[in-house]
Amino acid sequence: YLDLDALDRSLVDLRERIQERRQDIAEREQRLERAQQGLQETRATILELQKRVDQRNVELQQAEDAVRKMLGQQQQLKTNEEYAAMQKQIDARRQGVGGVEDLILEAMEVLEEGRKGVPIEERRVASSTEELERVRSEATAEIAKLEAEIGALERQWEAAASALDAEARRLYEQQRNRHRGKAMAAVNDVGISDCCHIALVSQQLSEVRSGRVVQCPSCSRLLYFPR
């Protein structure tokens, strides 16, 4: 069993390394996705701000046209009272024009700040893309190498397992499948298993020392005494 256990532990390690490299790729993909989303949101914000500025400019043009029209009408008035009343309306409309101009300036300032963010977001996307491509290339090559090692170890495992009788192999594979490739656990000098930290009774410890098949009372792994 010990040869199989050593092979299985190597296989577990290799598979974990493959999973880590795949996780590296996934993390870089998520980072790029966040960067792309940030760029899209920045561009969408700029588009919305530009629409707001355009709308304010339309409102400003309409207000200025109204003032010019009122000035023309004012020139046609006959009495001082009518002239003064129209002047009050013109002054009020001009005040409204000033308010629209202030809103346009504020919106333009915000728009300008938003535009400054675009190159930053674009650089973040470019950097994330470059990083993803680098990590994916390195990880793909490493994964291929690790998978080749796994294939070789699996062939060694099958050769070693073939040497066992049917019942012994069934028992080992049962624990192997149950514990994700870790079918065996060591027992120390005082009879404590390193899997569940269960103390064996003296008879069980003697059997383990003699090389007999003993299973952990808690998790059922096959126990062995390191030599």
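The model shown is predicted, which means the values in this text are computed figures rather than measured ones.
- By the 4.0 Å N-to-carboxylate-O rule, E122 lies close enough to R43 to be salt-bridged with it.
- Electrostatic pairing of E113 and K116 counts as a salt bridge here, judged by a charged N lying under 4.0 Å from a carboxylate O.
- At distances below 3.5 Å, not a single donor-acceptor pair connects side-chain atoms of E112 with backbone N or O atoms of E109.
- For the pair D194 (side chain) and A185 (backbone), a donor-acceptor distance under 3.5 Å is absent.
- Heavy-atom minimum distance, L205 versus V190: CD2-C, 4.4 Å.
- Screening E29, E27, E131 for a salt bridge (Lys or Arg N to Asp or Glu O under 4.0 Å) involving R136 leaves a single residue, E29.
- Between D8 and R176 there is a salt bridge, with a side-chain nitrogen of the basic residue lying less than 4.0 Å from a carboxylate oxygen of the acidic one.
- Note on V208 and I198: separate hydrophobic clusters, where clusters join Ile, Leu, Val, Met, Phe, Trp and Tyr whose side-chain heavy atoms are under 4.5 Å apart, directly or indirectly.
- Counting non-hydrogen atoms of neighbouring residues, nucleotides and ligands closer than 6.0 angstrom, the CD atom of Q75 exceeds 12 such neighbours.
- With rounding to the nearest 0.5 angstrom, the CG atom of L4 is 10.0 Å from the CG atom of L222.
- For the atom pair Q55 CD and L60 CG, the distance stands at 11.5 Å (nearest 0.5 Å).
- We find that E138 and R134 are joined by a salt bridge, their nearest charged nitrogen and carboxylate oxygen being less than 4.0 Å apart.
- Rounding to the nearest 0.5 angstrom, the gap separating the CD atom in E167 from the CG atom in D165 is 7.5 Å.
- At least one donor-acceptor pair under 3.5 Å links the side chain of Q215 to the backbone N or O of S220.
- In this structure, K51 does not pair ionically with D54, as no charged nitrogen and carboxylate oxygen lie closer than 4.0 Å.
- For the atom pair CZ of R209 and OG of S202, the computed distance is 11.0 Å after rounding to the nearest 0.5 Å.
- Few gaps surround CZ on R170; more than 12 heavy atoms of other groups in view lie less than 6.0 Å from it.
- Ion pairing between E20 and R17 fails under the 4.0 Å rule for side-chain N and carboxylate O.
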Test log, rule salt bridge (charged side-chain N to carboxylate O under 4.0 Å, His left out), inputs R15 and E154: CA-CA 12 Å; R15 289 177 179 131; E154 286 178 336; 2.6 Å; yes
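- Rounded to the nearest 0.5 angstrom, Q30 CD and S128 OG are separated by 12.0 Å.
- Enclosure of atom CE in M108 is not indicated, since only 12 or fewer non-hydrogen atoms of other residues, nucleotides or ligands lie within 6.0 angstrom.
- Hydrophobic cluster membership is shared by L2 and Y172, with clusters built from Ile, Leu, Val, Met, Phe, Trp and Tyr side chains linked at under 4.5 angstrom.
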Give the intermediate values and the outcome of side chain to side chain contact (heavy atoms under 4.5 Å, CB included) for residues V213 and Y1. CA-CA 10 Å; V213 176; Y1 285 146; 3.9 Å; yes
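- Within a 6.0 Å sphere centred on CD of E149, other residues, nucleotides and ligands contribute more than 12 heavy atoms.
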